[in-house]
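Reviewing the structure listed below.
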Amino acid sequence: MTKYGERFEAEMKIRNYSAKTIRAYLFYFHKFESFAGRHNYEPGEQIFRFLKLYEDKPATVKVCYACIKTFYRLVIHRDCPYVLDRPRRNKELPRVLSREEILIILSSVQNLRHRTMIAMLYGSGLRVSEVVDLRVRDVDLASFTLTVRRGKGRKDRVTLISRSLKEDLIYLMGDRSPREYLFKSINGRKYSIRTLQIVFEKACLKSRLEGKATCHTLRHSFATHLLENGTDVKTIKKMLGHSSVSSTMVYLHMAESRLSRIRSPL
């Protein structure tokens, strides 16, 4: 790592940036450093040309620009020499699985831990990182609630636990201490994000699911199905941990889109 990379990492750690954000920023910072080393442009032009490499990926442009802007602020101590208006993202509605598809996926998984993790992605509306980070103390079966600690944005929140998971969770927790991870592999270690993603991918293949679905698709399905059941947007916003209700409103559009496919009985 270069001296700038080391300083950038140190400054982010001091400010308590999440490990995920640090990894992402360092990844793109090294790409930017490599690009800048091969081309001799003015700083603003350098940044513009680097971002142009990802012009067909608005989400990547957003992360790259945030990374460079943060580097200038924390390490160079001045404003970024290039100003990028908020990149416009493609407004594609994410996929939502039907309840029947989710049941088929769950029934295809024999391993109790794996099946319960997938069930909680959907039943509690969790992100993959949030599932693998759960600890025994976060589960409250008396009120069927789940505390998600230090989720995205390092915020705590409370969401649902499905009553159908009660017996499985009691078995998995056993007599373990509250601070232990809820889901542990055979060798007693915490599951990695990639392991859970692979488990879900295999379940989808085994279920012969049409089209692409990811672990995050289950979170989308959770929110959309709640809306279809009549749950209000603000409550769903709190359970998902969104900072703004506008992020949750996409699920209202999805629910309306799904309802529009219903044919009149006439």
Side-chain angles (χ1 to χ4, degrees), residues 1-35 50-51 54 57-77 80 87 89 113-114 116-118 120-121 124-139 146-159 176-201 214-220 238-244 247:
M1 191 184 296
T2 65
K3 64 176 183 178
Y4 281 121
E6 290 176 349
R7 181 61 184 271
F8 191 23
E9 181 179 18
E11 294 286 355
M12 288 190 286
K13 285 182 176 179
I14 288 172
R15 288 166 176 78
N16 203 26
Y17 278 60
S18 72
K20 185 176 180 181
T21 298
I22 291 173
R23 283 195 301 271
Y25 280 14
L26 289 178
F27 176 79
Y28 287 110
F29 175 72
H30 295 321
K31 283 186 174 295
F32 176 62
E33 261 196 326
S34 177
F35 176 84
F50 175 69
L51 296 178
Y54 303 101
K57 300 177 180 179
T60 303
V61 170
K62 184 178 178 180
V63 175
C64 287
Y65 180 64
C67 158
I68 295 169
K69 190 175 178 181
T70 303
F71 168 74
Y72 268 88
R73 180 169 58 84
L74 299 185
V75 180
I76 307 300
H77 303 297
C80 181
R89 301 183 67 170
R113 290 187 192 86
H114 295 172
T116 307
M117 285 193 288
I118 292 174
M120 293 187 78
L121 285 168
S124 302
L126 303 180
R127 301 177 178 90
V128 189
S129 59
E130 293 169 346
V131 171
V132 299
D133 282 341
L134 286 175
R135 297 179 188 266
V136 172
R137 67 183 180 187
D138 301 329
V139 178
L146 183 74
T147 301
V148 181
R149 303 180 193 277
R150 298 166 71 85
K152 189 174 182 181
R154 308 185 82 81
K155 296 176 293 185
D156 291 356
R157 72 178 192 277
V158 176
T159 185
R176 288 190 283 143
S177 71
R179 295 190 62 82
E180 285 190 62
Y181 285 109
L182 177 59
F183 300 110
K184 295 167 72 172
S185 60
I186 296 174
N187 59 16
R189 295 180 181 176
K190 168 187 167 183
Y191 276 87
S192 69
I193 289 173
R194 185 57 191 146
T195 297
L196 179 50
Q197 289 171 335
I198 291 171
V199 166
F200 182 71
E201 289 165 8
T214 67
C215 290
H216 212 69
T217 304
L218 295 176
R219 180 172 155 90
H220 295 319
K238 289 180 181 178
M239 288 191 288
L240 292 175
H242 286 164
S243 299
S244 169
S247 301

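Small disclaimer: the values here were computed from a predicted structure and weren't measured. Side chains are part of it too, since the values below use all heavy atoms of this structure and drop only hydrogens, waters and symmetry mates.
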Problem - Exam field: side chain D133 to backbone E130, donor-acceptor pair closer than 3.5 Å - result: no

Practice task
Would you check if the side chain of R113 reaches a backbone N or O of K184 as a donor-acceptor pair within less than 3.5 Å?
Solution key: yes

Practice task
Kindly say whether E11 contributes a backbone atom to a donor-acceptor pair with the side chain of R15 at under 3.5 angstrom?
Solution key: yes

Handout entry: Criterion side chain to side chain contact (heavy atoms under 4.5 Å, CB included) against L146, the qualifying member of L182, L126, V158
Key = L126

Problem - Residue list, salt bridge (Lys or Arg N to Asp or Glu O under 4.0 Å) with K238, at least two apart or on another chain - result: none

Exercise for the section: To the nearest 0.5 angstrom, please state how far the CD1 atom of I68 sits from the CZ atom of F8. Expected result: 9.0 Å

Exercise for the section: Evaluate the side-chain proximity of Y28 to T60: yes if any heavy-atom separation is below 4.5 Å, no if none is. Expected result: yes

Practice task
Check whether the ring centres of F50 and F35 lie less than 6.0 Å apart, and answer yes or no.
Solution key: yes

Problem - Rounded distance [0.5 Å steps], CG in L218 versus CZ in F200 - result: 4.0 Å

Completion exercise
Applying ring-ring contact (aromatic ring centres under 6.0 Å, His included) to Y65 and not counting sequence neighbours gives none

Exercise for the section: Indicate yes or no: at least one non-hydrogen side-chain atom of Y181 is less than 4.5 angstrom from one of Y191. Expected result: no

Practice task
Please confirm whether the backbone N or O of I76 pairs with a side-chain atom of R7, one donor and one acceptor, at under 3.5 Å?
Solution key: no

Practice task
Measure the acute angle between the ring planes of F29 and F71, then classify it against the limits of 30° and 60° as parallel, tilted or perpendicular.
Solution key: tilted

Exercise for the section: Name all residues meeting the ring-ring contact (aromatic ring centres under 6.0 Å, His included) criterion together with F27; count only those two or more places apart in sequence or in a different chain, and write none if there are none. Expected result: none

